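Letters go in sequence order (proteins before strands), and every chain restarts at 1. These numbers come from the heavy atoms of this one structure, side chains and all, not from hydrogens, waters or symmetry mates. The model shown is predicted, which means the values in this text are computed figures rather than measured ones.
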Amino acid sequence: MDKRWQPEKFEAEIYRKWESSGYFTPKKDPKKKPFTIILPLPNANDPMHIGHAMFTIQDILCRRHRMMAEPVLWLPGGDHAGIETQFVFEKKLQKQGQSRFDYDRKTLYKMIWDFVEENRKINQFQMKDLGFSLDWSRYRYSLEPEIIKQVLATFKKLHQDGLLYRAERIVNYCTHCGTAFSDLEVDHVEKDGFLYYLDYGPIQIATTRPETIFADVAVAVSPKDKKYKKIACQKAIVPLINKEVPIIADELVERDFGTGALKITPAHDATDFEIGQKHGLPIISCIELSGKMINTIKEIDGLYPKQARQKTIDLLKKENKLIKTEPLRHTVGICYRCKNLIEPLPVPQWYVKTKPLSEAVIKSVKTKETKIFPPRFKKVFLDWMENIRDWNISRQIVWGPQIPAWYCLDCNPEIQINFIDSKGVLVSGKYSEIKDKYRFEEIESGLQTLNAPIEAEYSIEKSKTCKKCGQGHILQETDTFDTWFLSGQWPLTTLGFNVENPEKSSPDFKYFYPTSVMDTLWDILFFWVGRMMIFGFYLTGKTPFELVHLHAKVVDEKGQKMSKSKGNVVNPTEIYQKYGADALRMALIYGVAPASNIALSEKKIEAMRNFCNKIWNAARFIFINLEIPNPKSQISNKFQNSKFKIRKEDREILKLLRKTINSVNKNLDEYRFGQALEEIYQFFWHYFCDLYIEATKNRKEEALPVLLEVLITSLKLLHPFAPFVTESIYQQFKKVLPNYQLTKPEALMIALWPEGISTSKH
RNA sequence: GGGCCCGUGGCUCAGUUGGUUAGAGCAUUCGGUUUACAUCCGAAAGGCCGAUGGUUCGAGUCCAUCCGGGCCCACCA
């Protein structure tokens with residue numbers, strides 16, 4: 001054995017051995033309950049970042065259960081990651097001086113597909129480098145035809161069950177990304193702005209968005225507000241356009257804010273929209289999807305809201321309609337992706353009715369059919385579930401499966417179409433306006449987007465001709481699914497669930513579902529975990545996983561969030577190349593409490609590298625003392641038959657070993673990985689090495705059986721945390737002790753886990 | 001506006017249902033090391049466990065209030 005642990009010499013070979021021996025692929029045994037984890041599918045396009053290295057927790061769970069002789073499946077996959085990937089790709093286009101609007105959707109889709117394929121394997125290699133015991137034979141990609149087939153079937157089922165509908169509401173629209181987002185995808189930031197007090201004739205209002213006055217349809221006051229009682233029957237007058245609008249009363253209006261009167265602009269504010277709906281007010285838009293002003297006055301039309309605001313204020317000042325301006329710190333929504341302001345706009349979208357779906361989920365968490373760890377997240381999860389709002393699943397991007405709904409253009413001539421014609425020119429217009437100038441085939445092949453009015457009729461069955469009018473001018477909805485609509489079904493689709501006929505689901509599904517643990521970063525608890533549970537219960541009536549385990553994010557040594565701009569990002573690849581995978585794995589686990597931030601420093605990684613070296617050298621010491629003159633002669637003769645005296649120190653170390661086994665098991669049973677590792681660390685280094693090995697130096701031969709037993713047992717305990725160094729050592733010993741009882745199994749990875757006397761309650 | 005979490009030696013954090021001298025890694029100081037250890041071993045120094053009050057035979061650990069830091073959710077224009 002070398003003088004020190006050199007990971008680069010062993011890691012790749014060891015991983016190859018495991019994989020080729022088929023250890024990662026479970027043997028299904030109907031008599032045994034399997035242990036299953038579905039890997040949170042990384043963005044197929046992303047190289048690994050430090051967050052992915054936290055999958056170590058899952059590997060620890062899987063490796064331990066595998067050693068406990070359970071059939072273990074850890075299933076890997078990759079996500080096309082709709083908006084994330086398209087965003088990255090568009091940035092790339094931008095660098096080349098292009099944009100997505102230069103391409104029809106088919107071409108763009110193909111380009112992104114190729115872009116992803118180029119990178120799709122990278123993070124798979126990296127996960128292998130980290131030693132993850134994933135069953136690569138079951139790898140799934142979210143855009144595989146079979147996966148998409150099931151996802152579309154779910155859409156159809158939702159539709160049949162009346163849980164799906166189109167609606168035109170205020171959505172969170174990012175004019176830069178050109179798509180709507182769900183409420184979860186909007187970040188809120190505090191911003192210093194101004195509150196403008198405007199003269200609306202008999203009444204004064206206060207607003208932060210004077211540029212939207214052109215779309216005002218009313219002024220609302222609080223019904224409790226006495227000071228406006230008298231003028232309730234009068235009309236307010238919108239300045240600049242001198243439009244008369246009614247003054248109404250609604251309890252959503254806050255009496256003490258501003259003047260207590262709120263201008264109602266249903267098209268550009270969610271609260272106003274709600275009030276507008278209640279009072280039957282019209283919806284007038286003054287900002288279009290491109291983010292530009294429209295339907296205003298000639299000085300303003302075509303401007304972006306920011307410029308429009310200044311211009312409007314100038315004009316209001318001129319007409320003496322601006323009463324005063326006061327500074328106001330308020331929160332605004334920004335796009336979580338591009339950080340630009342979210343523009344609330346009315347757009348027809350597809351929605352899932354979530355309330356009926358959430359009931360089973362809530363019940364399962366309350367009855368602990370689905371457990372959440374750490375338990376403190378249970379409350380926020382339930383709060384969210386209980387107040388869930390309908391889910392907007394439409395995204396106006398191309399990267400992802402299109403929503404399976406079809407419109408007949410002849411029955412819906414008002415449909416707005418954007419396409420690139422055969423000369424490469426972008427054409428926009430209603431179908432009724434363009435149908436005589438272009439052939440349908442030209443429109444279809446150059447199609448970018450269509451925008452169907454809310455009353456448009458659609459079919460969820462694909463057909464060549466319209467059942468109503470018999471024409472063949474049919475286009476599919478160009479909205480694609482929110483990525484989470486696909487990934488929300490991941491535990492089902494990856495295991496082979498059949499939506500249309502659950503009886504026909506694959507044997508894998510029948511055996512491995514429900515899965516055991518879902519481990520993920522808590523920031524996607526609602527995005528993903530919640531949706532997986534919704535789909536799991538909706539489609540199978542069962543929870544998709546018995547336990548949700550949430551871990552925290554990795555921060556730098558000062559406790560600061562890692563970000564590119566701060567320059568404190570730790571690249572896992574560099575780390576494991578320098579220190580070895582085991583050192584990185586342990587640095588992420590050691591001394592970390594459940595779901596608390598993980599402070600990662602180079603010093604800590606070094607310390608764990610030293611620990612690997614310590615393990616290696618303890619083994620080396622024993623290895624050398626086997627002193628085998630001829631490796632083929634059986635070492636066992638040398639000590640197995642010899643009578644040796646058990647001394648006090650032998651008894652003590654064995655007792656301590658037993659104690660360590662117990663506490664490691666207990667800690668692991670309760671998901672205290674950091675504590676478990678600390679226990680082994682202390683035992684191995686400071687008791688076994690510092691005390692026991694030192695004490696046996698003058699009676700090496702006699703102590704050999706105990707040395708070997710403690711070493712091999714420790715290797716087993718350490719294996720889930722540091723698989724490479726432990727397996728490498730084991731293989732060295734196996735070579736010289738092929739028939740020794742402790743080194744019988746082919747690999748440490750499949751050796752029997754040291755069970756303690758369990759003290760935890762089950 | 002509602003909710004959650006954190007505040008323990010210079011730094012980063014453990015401390016599981018309240019129980020003997022509060023732990024680790026890194027950093028610091030001193031000593032040792034001819035062979036398991038690009039190191040390692042031994043020893044030392046360093047903490048009124050954010051503040052105050054309470055429950056208790058006993059609290060870092062439970063309760064209340066306050067101070068300081070972080071996070072999540074929410075339609076205050």
Using Watson-Crick or G-U wobble pairs with both distances under 3.5 Å, give me RNA chain B in dot-bracket, 5' to 3', with [ ] for crossers and | for pairs to another strand. (((((((..((((.....[...)))).(((((.......))))).....(((((..]....))))))))))))....

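When heavy atoms are screened at a 4.0 angstrom cut-off, A/D690 is found touching the sugar-phosphate backbone but no base atom. The residue A/A593 sits close only to the backbone: its heavy atoms come under 4.0 Å of sugar-phosphate atoms, none of a base. Residue contacts shown for A/K697 include a base, since a base heavy atom lies under 4.0 Å away. Heavy atoms of A/S601 sit nowhere under 4.0 angstrom from any nucleic acid atom. Residue A/T265 is out of contact with every strand shown, counting any heavy-atom pair closer than 4.0 Å. Across all strands, A/W5 comes closer than 4.0 Å to no nucleic acid atom at all (heavy-atom distances). When heavy atoms are screened at a 4.0 angstrom cut-off, A/G258 is found touching no nucleic acid atom at all.
Nucleotide B/rC4 holds its P atom 19 Å from the CG atom of A/N597, rounded to whole Å. At whole-Å resolution of the value, CZ in A/R329 and P in B/rC76 are 15 Å apart.
Using a 4.5 Å cut-off on side-chain heavy atoms (C-beta onward), A/E185 and A/F527 make contact.
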Polar-atom pairs under 3.5 Å, protein N or O versus N or O of nucleotides 19-29 of chain B: list them with distances, or write none.
from   : atom 1 : to     : atom 2 : distance (Å)
B/rA24 : O2'    : A/Y590 : OH     : 2.8

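For B/rC73, the OP1/OP2 oxygens have no side-chain nitrogen or oxygen of A/K379 closer than 4.0 Å. In this structure, A/R255 does not reach the B/rC76 phosphate: none of its side-chain N or O atoms is under 4.0 Å from OP1 or OP2.
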Anything under 3.5 Å between a donor and an acceptor, one on a side chain of residues 581-590 of chain A, the other on a protein residue two or more places apart or in another chain? List them.
from   : atom 1 : to     : atom 2 : distance (Å)
A/D582 : OD1    : A/F724 : N      : 3.2
A/D582 : OD2    : A/F724 : N      : 3.3
A/D582 : OD2    : A/V725 : N      : 2.7
A/R585 : NE     : A/F721 : O      : 3.0
A/R585 : NH1    : A/D59  : OD2    : 2.8
A/R585 : NH1    : A/L130 : O      : 2.9
A/R585 : NH2    : A/D59  : OD2    : 2.8
A/R585 : NH2    : A/P720 : O      : 2.7

